[in-house]
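Numbers for residues simply follow the sequence, beginning at 1. Read the numbers this way: they start at 1 and go in the same order the structure lists the ligands and their atoms.
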Amino acid sequence: MSPSQNKDILVGIVGVGLVGGELVKQILSINKAKNPFKIVLLSSSRKALYTSPENAITDSEGWKAKFDASAEKAELSKFGGYLAGLVAQGKGRKAVIVDNTSSEDVARLYPEWIAQGLSVATPNKKAFSGEKKTWDAILAASDSEGGGRWLNESTVGAGLPVINTLKEMLGSGDKVKKIEGVFSGTMSYIFNNFSAASSDAPKPVFSEVVKVAREKGYTEPHPADDLNGFDVARKLTILARTVSALSHSQTKLPELESFLDVQTQSLIPAPLEGLASGDEFVGKLPGFDEEFNKLREEAAKEGQVLRFVGVVDVEAGVVKAGLEKYPVTHPFATSLGGSDNIIMFHTERYSPRPLIVQGAGAGAAVTAMGVLGDLLKLV
Ligand SMILES: NC(=O)c1ccc[n+]([C@@H]2O[C@H](COP(=O)([O-])OP(=O)(O)OC[C@H]3O[C@@H](n4cnc5c(N)ncnc54)[C@H](OP(=O)(O)O)[C@@H]3O)[C@@H](O)[C@H]2O)c1
Ligand SMILES: *[C@@H]1O[C@H](CO)[C@@H](O)[C@H](O)[C@H]1NC(C)=O
Ligand SMILES: *[C@@H]1O[C@H](CO)[C@@H](O)[C@H](O)[C@H]1NC(C)=O
Ligand SMILES: *[C@@H]1O[C@H](CO)[C@@H](O)[C@H](O)[C@H]1NC(C)=O
């Protein structure tokens with residue numbers, strides 16, 4: 001890293017909640033003499049704080065009060081112009097926008113920002129797993145002369161080295177045969193508890209596990225938003241697109257128009273489909289415990305557990321998410337705790353034994369680390 005002052009990297013952070021706040025803290029914790037990052041823009045959905053590079057945010061305690069006191073309204077359409085303007089004023093400067101929202105509106109602006117020469121780093125899965133035309137527009141913008149970079153490491157597995165590992169494998173010519181894993185922290189928590197590997201573990205009913213997970217904040221306020229499997233489908237879309245884009249030869253993988261093209265098994269009981277209230281959903285879920293008990297018993301008879309997994313089967317040309325059975329000795333059964341993610345890469349080189357990445361796949365500290373790791377690639 002060269003600490004030359006005119007190599008400033010200006011940072012704009014859209015979304016300053018948990019991860020955004022943690023990211024500010026981590027950026028400011030870098031040794032001042034070596035810190036190329038200058039935070040010059042912060043925004044929530046309502047307000048924004050703009051500063052000049054000379055007055056960039058440096059106070060890891062005081063920034064929040066300064067932000068709260070700002071009278072500027074958040075206007076997404078202004079951010080790109082503001083940062084591009086600052087870049088134009090300083091030789092050698094770069095700028096990056098961090099999107100820590102889960103907003104589609106923000107994601108839709110990526111192509112414009114990247115075309116302006118700004119880089120975009122984000123844990124937000126929406127842009128990369130939504131409509132293929134958005135993805136193509138981002139790709140075209142970053143390929144164009146003077147286009148910025150798009151940094152997507154933390155979209156899958158938060159801070160876990162998943163996308164980067166995949167890029168290095170593919171870039172160096174390894175052939176990916178299959179990626180399979182537990183990609184949702186919520187589903188991980190639910191099934192680690194509901195279908196434990198140890199036969200002495202308690203056997204709670206499914207609805208109770210979901211209820212407790214919701215009370216502990218592991219699920220979305222409406223648990224159907226987790227049980228529909230869409231979060232996993234979005235992550236698989238990102239992996240599958242990356243495999244297709246970076247493989248040295250044509251793959252059999254389907255061209256996904258969006259994450260809706262992933263074969264996804266929803267765990268929402270059909271009669272509860274479309275219930276607007278999370279409370280009502282949780283209240284009615286016990287009516288379906290018997291079905292889940294049966295699945296668990298069938299698996300147990302075969303010495304297996306249930307896990308909600310995502311699979312990108314490159315050899316078979318299949319991308320799918322759903323409930324599968326694994327032997328009680330399998331890493332998906334034995335090595336997961338809490339809301340851990342685990343991802344297995346079966347490749348030509350990592351064969352017959354796969355490469356395995358495992359650890360916390362959510363949480364502000366590790367997600368912010370994943371984003372900051374991306375920012376360091378710009379140095
Ligand atoms: N939590 C984790 O451990 C984790 C792990 C991996 C990935 N992620 C990803 O990280 C992202 C953030 O997650 P989240 O669930 O916390 O998101 P969220 O609650 O929807 O977004 C939080 C922040 O984004 C701001 N925001 C929303 N829409 C905006 C807009 N149109 N313009 C400007 N700011 C806007 C909100 O502002 P207000 O405060 O004004 O509403 C808020 O500060 C998501 O993409 C998520 O998938 C999270
Ligand atoms: C950022 O991400 C974290 C983790 O998902 C979330 O809790 C927070 O609200 C997000 N938004 C901001 C603005 O940090
Ligand atoms: C499942 O969760 C309950 C409630 O938090 C806990 O008492 C129990 O030990 C957990 N079981 C397993 C196998 O993790
Ligand atoms: C992630 O970003 C890289 C560029 O750094 C790109 O090649 C890859 O296709 C991207 N993947 C997705 C799906 O966002």
Side-chain angles (χ1 to χ4, degrees), residues 18 156-160 162 180-232 235 265-269 272 275 277-311 321-344 354 356-367:
L18 276 180
V156 181
L160 296 177
V162 176
E180 109 185 274
V182 174
F183 291 97
S184 153
T186 308
M187 292 287 205
S188 180
Y189 178 86
I190 289 174
F191 285 98
N192 295 344
N193 191 284
F194 177 71
S195 181
S198 156
S199 54
D200 325 322
K203 299 208 166 23
V205 291
F206 188 74
S207 60
E208 184 61 23
V209 177
V210 172
K211 188 164 158 267
V212 172
R214 184 176 185 237
E215 282 161 8
K216 290 187 174 173
Y218 282 112
T219 72
E220 298 291 334
H222 196 322
D225 293 337
D226 292 300
L227 296 177
N228 61 17
F230 285 169
D231 173 69
V232 177
K235 289 167 180 167
Q265 179 190 6
S266 168
L267 297 187
I268 303 170
L272 303 189
L275 274 191
S277 146
D279 287 332
E280 193 183 349
F281 181 87
V282 173
K284 291 191 167 157
L285 200 53
F288 304 88
D289 279 337
E290 217 28 64
E291 290 175 32
F292 285 98
N293 276 343
K294 227 170 94 195
L295 292 173
R296 179 173 59 190
E297 269 164 36
E298 279 167 15
K301 266 190 218 142
E302 302 162 9
Q304 308 207 76
V305 297
L306 300 172
R307 293 291 179 263
F308 194 91
V309 298
V311 179
L323 209 51
E324 301 280 348
K325 294 184 279 189
Y326 290 88
V328 291
T329 50
H330 190 277
F332 291 4
T334 58
S335 67
L336 293 174
S339 57
D340 279 355
N341 286 9
I342 187 165
I343 295 98
M344 258 185 185
I356 300 178
V357 175
Q358 185 213 316
V366 294
T367 306

Undergrad: Considering only NZ, NE, NH1 and NH2 on the basic side and carboxylate oxygens on the acidic side, decide whether D289 and R296 come within less than 4.0 Å.
TA: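 Judged by the 4.0 Å cut-off on N to carboxylate O distance, D289 and R296 do not form a salt bridge.
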
Undergrad: May I ask whether atom 9 (O) of ligand 3 is less than 4.0 Å from at least one protein heavy atom?
TA: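 No, no protein heavy atom sits under 4.0 Å from atom 9 (O) of ligand 3.
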
Undergrad: Given K325, which partner from the list E302, H330, Q304 fulfils the side-chain hydrogen bond (donor to acceptor under 3.5 Å, both in side chains) test?
TA: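 Checked E302, H330, Q304 against K325; only one passes side-chain hydrogen bond (donor to acceptor under 3.5 Å, both in side chains): E302.
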
Undergrad: Scan for ring pair (Phe, Tyr, Trp, His ring centres under 6.0 Å) pairs involving residues 196-221, sequence neighbours excluded, and state none if there are none.
TA: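 Output for this query lists Y189-Y218, F191-F206, F194-F206, F206-F292.
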
Undergrad: Considering only non-hydrogen protein atoms, determine which one is nearest to atom 3 (C) of ligand 3 and report residue, atom name and distance to 0.1 Å.
TA: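 For atom 3 (C) of ligand 3, the nearest protein heavy atom is N193 ND2, 3.5 Å.
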
Undergrad: Using a strict cut-off of 4.0 Å, indicate which atoms of ligand 3 neighbour a heavy atom of A196.
TA: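 In order of numbering, the contacting atoms are 13 (C).
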
Undergrad: Under the side chain to side chain contact (heavy atoms under 4.5 Å, CB included) test, which residues partner A224, sequence neighbours left out?
TA: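 If we apply the side chain to side chain contact (heavy atoms under 4.5 Å, CB included) test to A224, skipping adjacent residues, the hits are H222, I268, F281.
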
Undergrad: Under a 4.5 Å cut-off applied to non-hydrogen side-chain atoms, are V210 and I190 in contact?
TA: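 A side-chain contact under 4.5 Å exists here.
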
Undergrad: Near K216, which atoms of ligand 3 are under 4.0 Å from a heavy atom of that residue?
TA: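 In order of number, 5 (O).
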
Undergrad: Check whether any N or O atom of Y189, backbone or side chain, sits under 3.5 Å from an N or O atom of ligand 3, and answer yes or no.
TA: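 No, since none of the N or O atoms of Y189 sits under 3.5 Å from an N or O of ligand 3.
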
